[in-house]
There are 2 protein chains.
Amino acid sequence: MSDKATIYDIAKKLNISAATVSRALNDHPKTSNKTKILVQETALELGYEQNKLALALKSGRSNTIGVIVPRIDINFFGSIIRGIEDELYPRGYHIIICQTHDNEQKEIQNINALLNAQVDGIITSITKNTKDVSIFERILDKNTPLIFVDRKLNLKGASSVTLDDFKGAYQATQHLINQGCNRITHLTVIGYQSVGIYKDRLEGYTQALKDNDIPFDADLILDIENDINGGKKAGQKILNFKDRPDGIFSSSDFMILGAIKEIKANGLKIPEDIAVIGFSNEPFTKFMENPISSVDQCALEMGKLAAKVFLDQIIDPKLLKVEKNVILAPKLKIRQSSSKKTPAN
Amino acid sequence: MSDKATIYDIAKKLNISAATVSRALNDHPKTSNKTKILVQETALELGYEQNKLALALKSGRSNTIGVIVPRIDINFFGSIIRGIEDELYPRGYHIIICQTHDNEQKEIQNINALLNAQVDGIITSITKNTKDVSIFERILDKNTPLIFVDRKLNLKGASSVTLDDFKGAYQATQHLINQGCNRITHLTVIGYQSVGIYKDRLEGYTQALKDNDIPFDADLILDIENDINGGKKAGQKILNFKDRPDGIFSSSDFMILGAIKEIKANGLKIPEDIAVIGFSNEPFTKFMENPISSVDQCALEMGKLAAKVFLDQIIDPKLLKVEKNVILAPKLKIRQSSSKKTPAN
DNA sequence: AATCGTTGCTTTATCGCTCATTTAAAGATT
DNA sequence: AATCTTTAAATGAGCGATAAAGCAACGATT
């Protein structure tokens with residue numbers, strides 16, 4: 001039971017007051033060098049370590065930040081967290097992780113728990129089902145910095161780091177058009193339109209068509225489940241079209257994977273017959289035998305930026321609420337699945 | 001600035017002492033129902049919330065656990081963390097995440113930081129380069145429960161949840177033999193033998209050969225880099241063998257992916273010419289057009305078990321150190337890449 | 001010699017909560 | 001009626017660190 005030494009132990013040993021020890025350790029100007037050295041030596045000798053909890057209680061700052069994501073084991077969120085950690089750890093911050101599993105109730109619980117734990121800020125991606133804004137207002141009421149990553153709410157006083165989903169979708173669609181496609185379907189999930197990102201992707205797609213004088217055809221918008229099976233069903237529909245599409249822009253990599261499987265199973269070639277591009281740049285897309293093009297969401301960078309925005313917010317606690325909204329440009333990863341003209345990786 | 005209410009605020013309002021408020025809120029037996037109700041109502045009215053920091057300082061327990069992994073954005077570790085979170089969150093624990101990036105110095109820093117933060121326990125996967133045991137002994141000296149996941153050190157007093165790598169390797173090799181292979185190469189990383197798991201996999205492979213009266217051939221052990229490129233190089237070597245192998249057991253999915261690409265590029269068929277199986281069950285293995293067989297490491301379950309072991313440890317703080325070593329049986333995921341006889345998914 | 005300013009430390013109070021101990025009040029016992 | 005129990009609340013201390021204010025000692029100033 002090597003019970004930790006406190007500043008009191010040091011004080012007693014040196015016959016000085018605890019406050020002096022505290023100042024000596026903090027390199028306070030009003031301390032003599034003699035005492036500083038003496039205290040530091042004794043601290044080392046006793047194996048003293050600052051109790052962060054006491055400091056946190058006293059100062060009201062825990063040096064801890066809460067991060068809430070739908071699920072940790074989704075690559076995208078894992079990378080975001082890594083970005084946050086990479087940025088904040090060197091500055092002495094700890095990161096508390098919470099998951100919502102896309103459940104609004106858990107989201108509320110998580111936020112309350114984090115606030116109780118006195119975190120210095122919260123970075124979060126909202127659930128697909130978040131309806132109630134009030135819990136987020138509570139965060140702001142407490143003057144706790146709130147930064148949304150990727151999935152955001154529009155809330156005065158809250159910052160955000162998001163992807164320009166419109167642009168990503170626009171570029172992906174434009175890329176397909178450049179490859180010679182002129183009948184492009186779009187796979188999406190209408191049910192998630194509240195999250196905003198799917199809506200933006202749909203709009204980017206629509207705009208790209210418009211700018212290229214390709215008529216918009218509502219039948220080409222396929223509303224499916226966001227998984228491989230949904231993609232397979234979409235693949236069937238696509239194969240059954242009288243006027244078969246020659247391109248697919250999917251708002252998710254999993255949906256496009258299903259569609260690809262279905263299309264190939266029916267003897268069509270990708271990208272020759274149908275060129276496809278997904279969204280998210282899931283790790284598996286580049287590992288495939290025929291690598292899948294996708295829109296990269298720069299997760300790592302989003303995490304880093306969110307961390308930086310957080311740091312900006314707390315530079316001056318007296319400052320009126322700073323609100324900062326960063327929009328990241330996505331990066332197209334052109335691979336075989338959409339390279340009719342020039343194959344690439 | 002809706003500054004949080006404390007028990008003193010409640011006490012003042014009701015003209016009772018703070019201690020009574022504390023007891024009332026904690027449902028202490030020596031409190032009258034009248035007071036309890038009164039206090040609870042006032043607490044609600046003032047928007048009181050317990051300050052966990054103060055509680056932690058007072059009680060010496062932070063209700064926080066530290067998790068240190070090489071990298072968060074690796075699927076395997078993400079799943080472990082998810083398992084831990086799923087298990088501990090409902091019991092009121094928070095999880096602080098740290099990364100080592102496989103750097104021993106960062107590992108030491110992380111541990112020190114977590115101990116300063118007064119975590120109630122540490123769950124970790126050591127780096128590939130960990131040499132020094134003393135930092136882990138420090139954890140135990142402080143009576144902080146220490147649980148290793150997957151990558152462990154043998155340390156008296158520390159618990160562990162690991163995979164039976166030997167068994168996984170044995171089963172994978174046996175499976176290839178069952179499929180008719182009798183000249184099986186093994187891809188490994190000799191440099192990582194200190195981590196233990198690669199060594200165990202090699203031994204499982206060796207034992208399976210022995211039990212099936214297949215002579216061990218040291219030339220069939222290929223020591224390569226643990227990535228796709230390493231796998232490609234291994235693939236070349238395999239193709240150049242005079243007596244070409246008909247099976248590959250790889251201790252990593254990335255290595256086998258490279259090997260597969262190389263082999264297919266040379267016109268050979270998988271599994272017909274060469275049957276292959278990897279290790280880790282990375283997500284991409286099942287998404288491939290020709291899904292890759294692999295040994296699943298049950299990451300989620302490992303995380304959950306680690307959390308449970310932690311909870312076991314702290315049931316009775318007075319108890320002598322409990323040491324618990326759980327070894328999980330891996331699960332073979334048989335897919336196309338190794339299914340010569342009966343195709344499966 | 002008396003006063004002033006520095007320097008460097010001590011004292012005291014506080015962050016919010018809880019535990020052990022004490023006190024007070026009411027009821028039970030003879 | 002006087003004492004003993006029981007019960008509920010008050011008191012005070014302390015977890016570990018720090019900030020503000022107070023004070024002693026020294027040398028410098030006039």
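In the text below, chain A, chain B and the rest are named by the order of the sequence lines, each starting its count at 1. Values reported hereafter were calculated over all heavy atoms of this structure, with side chains retained and with hydrogens, waters and symmetry mates removed.
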> With nearest nucleotides of DNA chain D determined for B:K58 and B:P29 from heavy-atom distances, which residue corresponds to the more 5′ nucleotide?
Replying inline: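 This one resolves to B:P29.
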
How close or far is atom [atom2] of [N] from atom [atom1] of [X], stated in whole angstroms?
{"X": "B:K30", "N": "D:dT6", "atom1": "NZ", "atom2": "P", "answer": "11 Å"}
{"X": "A:L55", "N": "D:dT18", "atom1": "CG", "atom2": "P", "answer": "5 Å"}
{"X": "B:I7", "N": "D:dA10", "atom1": "CD1", "atom2": "P", "answer": "12 Å"}
{"X": "B:I10", "N": "C:dT18", "atom1": "CD1", "atom2": "C1'", "answer": "14 Å"}
{"X": "B:H28", "N": "C:dC17", "atom1": "NE2", "atom2": "C1'", "answer": "15 Å"}
{"X": "B:Q118", "N": "D:dG16", "atom1": "CD", "atom2": "C1'", "answer": "9 Å"}
{"X": "A:K36", "N": "C:dT7", "atom1": "NZ", "atom2": "C1'", "answer": "12 Å"}
{"X": "B:K52", "N": "C:dG16", "atom1": "NZ", "atom2": "P", "answer": "16 Å"}

Proximity to the side chain of [X] - top-ranked nucleotide from [options]:
{"X": "A:T35", "options": "C:dC9, D:dG12, D:dG16", "answer": "C:dC9"}
{"X": "A:Y8", "options": "C:dT18, D:dT18, D:dA8", "answer": "D:dT18"}
{"X": "B:N26", "options": "D:dC15, C:dC15, C:dT18", "answer": "C:dT18"}
{"X": "B:A19", "options": "D:dT11, D:dA17, C:dG8", "answer": "D:dT11"}

Within the structure, does a side-chain N or O atom of [X] lie under 4.0 Å from either OP1 or OP2 of [N]?
{"X": "B:S17", "N": "D:dA10", "value": "yes"}
{"X": "B:S59", "N": "D:dC15", "value": "no"}
{"X": "B:S22", "N": "C:dC17", "value": "no"}
{"X": "B:N51", "N": "C:dC15", "value": "no"}

> Counting only distance, no hydrogens or angles, is the base of D:dA9 paired donor-acceptor with the side chain of B:R23 under 3.5 Å?
Replying inline: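 Result: at least one qualifying N/O pair found.
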
> Considering heavy-atom distances to DNA chain C, does B:A18 or A:N15 have its closest nucleotide positioned more toward the 5' end?
Replying inline: A:N15

> Taking all non-hydrogen atoms of both residues, which atom of A:A24 and which atom of A:Q40 are closest, and how far apart?
Replying inline: O-NE2, 3.9 Å

When rounded to the nearest 0.5 angstrom, what is the spacing between [atom1] in [X] and [atom2] in [Y]?
{"X": "A:I111", "Y": "A:N116", "atom1": "CD1", "atom2": "CG", "answer": "12.0 Å"}
{"X": "B:L14", "Y": "B:L38", "atom1": "CG", "atom2": "CG", "answer": "5.0 Å"}
{"X": "B:L305", "Y": "B:I80", "atom1": "CG", "atom2": "CD1", "answer": "11.0 Å"}

> Reckon A:T31 touches a base, only the sugar-phosphate, or nothing at all at heavy-atom distances under 4.0 Å?
Replying inline: sugar-phosphate

>> Considering every strand and a 4.0 Å limit on heavy-atom distances, what is the contact class for A:I16: base, sugar-phosphate, or nothing?
In response: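 Answer is sugar-phosphate: A:I16 comes under 4.0 Å of backbone atoms only.
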
>> Does A:N129 form a side-chain hydrogen bond (donor to acceptor under 3.5 Å, both in side chains) with A:E104? I'd like the steps, not just the answer.
In response: CA-CA 6 Å; A:N129 313 300; A:E104 190 178 16; over 6 Å; no

> Less than 4.0 Å between a side-chain N and a carboxylate O, is that true for B:R82 and B:D86?
Replying inline: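 Between B:R82 and B:D86 there is a salt bridge, with a charged N closer than 4.0 Å to a carboxylate O.
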
